[in-house]
Amino acid sequence: MNGLNNVHPLVIKFGGTSVGGGAQFANAAGIVAGAAADRPVAVVVSAMSGTTDTLLGYADATDDGASRTRVGATREGSLAELHRALAERHLAAAREAVSPEILPGVERRVLELLRELVEAIGAPDANGPAARRARIAVFGERLSAAILAGAISSQGAPAAVVSGDPIATDGDFAEAEVDASGTRERCSRYVAPLLGDGRVAVVPGFVGRSPEGLPTTLGRGGSDLSATVVGRGIGASEVWIMSDVDGVLDADPRLVPNAALLPELSYREAGDFAELGAKVLHPRTMEPASEVGMEVLVRNTFNPDCPGTRVTDAEGRGRPLRRAAPQPLGRAAVRDGPPPGGLGRDLHRVAGRAGPSPRRGDPAAGRHQPGPRRHRRRGPRLRRLRGEGRGGPARTARGPRLPRRGSRRGGRVKRVEIVQLGLGYVGRAVAQIVIEERKRWLETLGLDLRYRAVADTSGALVGEELLPQAIRLKEDGGKLSELGVEPVEDVLRTEPEEGTTRIVVDLAVHGGTFDLDLLGVQNGSCLVLSNKGPLSGGSEQYESLMDAAGDRLWYEATVGAGMPIVSTLKGLVETGDEVLEIQASPSGTLGFIMSAVEGGRSFSEAVKEAVALHYAEPDPRDDLSGLDVARKAIILARTMGREIEPSEIPYESLVPEGLEAVPLPEFMERLPEADEEFAARMSAVRENHMLRYLARIPAEGPVEVGLTEAAVETPFGPINGPENVFDFRTRRYSDVTLTVTGPGAGPERTASGVIGDMLDIVGKIVRDREGLA
Ligand SMILES: NC(=O)C1=CN([C@@H]2O[C@H](COP(=O)(O)OP(=O)(O)OC[C@H]3O[C@@H](n4cnc5c(N)ncnc54)[C@H](O)[C@@H]3O)[C@@H](O)[C@H]2O)C=CC1
Ligand SMILES: N[C@@H](CC=O)C(=O)O
């Protein structure tokens, strides 16, 4: 191809976890810069993990004609929220990965893309909802391409994002089919000139262009497929698929402990492996490669010394397969149908011989019995639309009391292990932050933090080798039992290693984890909660947990998510102040809904949006009924030292009559039935007042929870979006009260509160060690 001095180019593709944060961008850029010293390089990049999810959550939440034509203040508010969240994450990554002289240009481009995104969201929708989704979804890849190009240039290899999407497709917006000759033509227009100029060409993955020039998205396996499609389009000799695994193993390491990396595979063998569940080796990815004889190398971004697995047209050149059951680069998959050749046959044997035995004492054992099962093909739509990881770095706003570098007396490492209950939205955000930040914590705080286990309702996945896969699995709606689990109780009963502090982190829902939390603290663990259930049940239960946990219990995120509410209250009490009353608007979801309706949106639209932004509880009726507010009121009252039973707090429900007990999907579908009545209720509010859902927690007397008309000049009047307000009236703050406001919901913010608690525990370990407690 023109301008390449007869050297065949290389294509390197990075998945979402490979560009999950600033450090990862810098690492990926280093790999590209190294490769670009020898030959022309085109890079295909995915969205930062979790971004596509966020974008599509927003697209779905606003996916009806009414919401697009009737733009109210709150719609603008939540759009601003989306803008803020994306800007924060991408600009933070850029600042970490891009050098100061290149950074301003990248920052400008990120902000420009975000402006284009806002326009794309508001643009008239002539081509139907699928076109709108595609138009919004592609911004994740465009944003990461801008940062990666800056990061590569910062490492001395000039790079630029292609000025047009090089992949030509048909007009299917969601599941586009590639047009090979159109792609060749577009590649010579958009990719070749950059390579010819000696620059690295950065291509947003997953994105195509329809014959009419509209953005499309590739279907199942789309992100990796774009790499081999671009490779074929530019005449590349090699494509590297970079992810977070070393390559393809010759057996499932959970079944066969000495599973080894397969250095070589043929396209056909790779296709068979893909059929058996090896996610990055999707058969579609291999098609363009096998068509032109391009080699595909599966490599680990985070282990560049590992040679990976090379896929070529050479049959049988690699080491013979010892065992099949390939290590799934996404999840385990075992067939029960007739095997497609040798691989499947071997797989059967392995599953029969080494399949795990039924789990002990697991109430769900019947449902989740491991053993041969059908390879589950997820709907292409689901696969395509979900990001590769979720959540991103969120730093605690309240500055945890940390031992700083200088305070690492004697440099002793604090070894801490986490047993995490719950890998939902909050759980995944916490795990993502731990993965991204722990290297820094080791360097700066001497904190060696590892996962001992993560659990969901199907059991506990022990160890952390499969944690990235577990995150993706849960994102796709799977259960951890698909990766192999043990009863959580067994994990909690084992002793941590000598010198290691264990933290049980309960990010599950409601009271179902109470016994596990209790077992954990009875066995010496610290306990961190975002789950309000264990602290808001009957007082006998509460007392038993408090007695067992003593000062090993942290629960900042249960009230106000990442806001410093529990710590402020404890600080007031500990410093000898007397708390007379707390008045609060402590529900992000209800604050969001009220201000959305004030801004002109309907009740049903507002509820759906709060769900899509993950402010709401898994069943939003827990928010609408006032239950979530009552739980927070109980936690605050108990922290003030009050003895209180849940039955003492009546609360007023906003759940539409008749929808209290219907299944959740039916509830969501029938929500519009309540729109008119809710709008009427809001408009009946007195002038200069706002309808608010408040809690009043006095030092003595009844705790009250319910709807109030709050005067606009009070702290509760101007609530916007998921904002919470906590107003403390104390002996010292009686003339002017102490008010704390901020967004009080959202997975990443909640994760900040949780991580802040975990780091506080490290501070406590140091203080205990030094006898300062
Ligand atoms: N989303 C938010 O803004 C905030 C959420 N929270 C609380 O954080 C918790 C988690 O919220 P999300 O992640 O949004 O919920 P989610 O529904 O996405 O995740 C809950 C997770 O808990 C797991 N789980 C449920 N019962 C379990 C059990 N017995 N053992 C082990 N795992 C179990 C589920 O499998 C799921 O993985 C909830 O209690 C919520 O009230 C607290 C503050 C803010
Ligand atoms: N659903 C809750 C989440 C935080 O606790 C809320 O909306 O406030």
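When a ligand or atom number is given, it counts from 1 through the structure's own listing order. We count residues from 1, following the sequence as given. What you see is a predicted model, and the numbers here were worked out from it, not measured in a lab.
- For atom 8 (O) of ligand 1, the nearest protein heavy atom (residue, atom name, distance) is S530 OG, 2.8 Å.
- Remark: ligand 1 atoms within the under-4.0 Å shell around heavy atoms of A745 are 3 (O).
- R631 places no side-chain N or O within 3.5 Å of a backbone atom of S536 that could act as its donor or acceptor partner.
- The atoms of ligand 1 that sit less than 4.0 Å from any heavy atom of G746 are 2 (C), 3 (O).
- Regarding atom 7 (O) of ligand 2, its nearest protein heavy-atom neighbour is T589 OG1, 2.5 Å.
- Within ligand 2, the atoms closer than 4.0 Å to a non-hydrogen atom of K632 are 2 (C), 4 (C), 5 (O), 6 (C), 8 (O), numbered from 1 in the order shown.
- Below 4.0 Å from some heavy atom of D623 lie the following atoms of ligand 2, by number and element: 1 (N), 2 (C), 6 (C), 7 (O).
- Checking D456, D623, L423 against atom 32 (N) of ligand 1, the nearest heavy atom belongs to D456.
- Other residues, nucleotides and ligands contribute over 12 non-hydrogen atoms within 6.0 Å of the CD atom of Q522.
- The distance from ligand 1 to the heavy atoms of T513 drops below 4.0 Å at these ligand atoms: 28 (C), 29 (N), 30 (N).
- Put simply, SG on C526 and CG on L553 are 9.5 Å apart, with the number rounded to the nearest 0.5 Å.
- Counting heavy atoms of neighbouring residues, nucleotides and ligands inside a 6.0 Å radius, atom CZ of R450 does not exceed 12 of them.
- The shortest N or O to N or O distance between D628 and ligand 1 is not below 3.5 Å.
- Within the 4.0 Å heavy-atom criterion, both parts of A508, backbone and side chain, lie near ligand 1.
- Other residues, nucleotides and ligands contribute over 12 non-hydrogen atoms within 6.0 Å of the CD atom of E666.
- Near V509, the atoms of ligand 1 lying under 4.0 angstrom from a non-hydrogen atom of the residue are 25 (C), 38 (C), 39 (O).
- Within ligand 1, counting atoms from 1 as listed, the ones closer than 4.0 Å to a heavy atom of N531 are 39 (O).
- Below 4.0 Å from some heavy atom of K532 lie the following atoms of ligand 1, by number and element: 41 (O), 42 (C).
- When non-hydrogen atoms are compared, ligand 1 lies under 4.0 Å from the side chain of T750 (C-beta onward) but not from its backbone.
- By the 3.5 Å distance cut-off applied to N or O atoms, A745 is not counted among the residues near ligand 2.
- Listed by number with element, the atoms of ligand 1 under 4.0 angstrom from any heavy atom of E617 are 40 (C), 41 (O).
- Between K474 atom NZ and Q469 atom CD the span is 15.0 Å, to the nearest 0.5 Å.
- The protein does not reach atom 34 (C) of ligand 1 closely, with no heavy atom under 4.0 angstrom from it.
- Protein heavy atom in closest approach to atom 27 (C) of ligand 1: T457 CG2, 3.6 Å.
- Closest to atom 2 (C) of ligand 2 among all protein heavy atoms lies E617 OE2, 3.3 Å.
- Considering each of P534, P743, A616, P618, the one bringing a non-hydrogen atom nearest atom 15 (O) of ligand 1 is P618.
- To the nearest 0.5 Å, atom CZ of residue F592 and atom CD1 of residue I719 are 13.5 Å apart.
- Residue A561 places every heavy atom at 4.0 Å or more from ligand 2.
- Ranking the protein heavy atoms by distance from atom 16 (P) of ligand 1 puts G424 CA, 4.0 Å first.
- We find the CZ-CZ distance between R621 and F667 to be 5.5 Å, quoted to the nearest 0.5 Å.
- Taking every non-hydrogen atom of G588 and a distance limit under 4.0 Å, the qualifying atoms of ligand 2 come out as 6 (C), 7 (O), 8 (O).
- At least one N or O atom of H614, backbone or side chain, sits closer than 3.5 Å to an N or O atom of ligand 1.
- The ligand atoms of ligand 2 that sit less than 4.0 angstrom from a heavy atom of S587 are 7 (O), 8 (O).
- The closest donor-acceptor contact from the side chain of S458 to the backbone of K479 lies at 3.5 Å or more, if one exists at all.
- L507 contributes atom CG, which lies 4.5 Å from atom OG of S530 (distance to the nearest 0.5 angstrom).
- G422 CA, 3.7 Å is the protein heavy atom nearest to atom 23 (C) of ligand 1.
- Listed by number with element, the atoms of ligand 1 under 4.0 angstrom from any heavy atom of A557 are 42 (C), 43 (C).
- At least one N or O atom of K532, backbone or side chain, sits closer than 3.5 Å to an N or O atom of ligand 2.
- With respect to atom 13 (O) of ligand 1, the closest heavy atom belonging to the protein is V426 N, 2.8 Å.
- Side-chain contact check for Y451 and E417: no donor-acceptor pair (N or O, by modelled atom type) lies under 3.5 Å.
- Donor-acceptor pairing under 3.5 Å is recorded for the side chains of R502 and T494.
- Within a 6.0 Å sphere centred on CD of E648, other residues, nucleotides and ligands contribute more than 12 heavy atoms.
- Nearest non-hydrogen protein atom to atom 20 (C) of ligand 1 is L507 O, 3.9 Å.
- With a heavy-atom cut-off of 4.0 Å, T750 does not touch ligand 2 at all.
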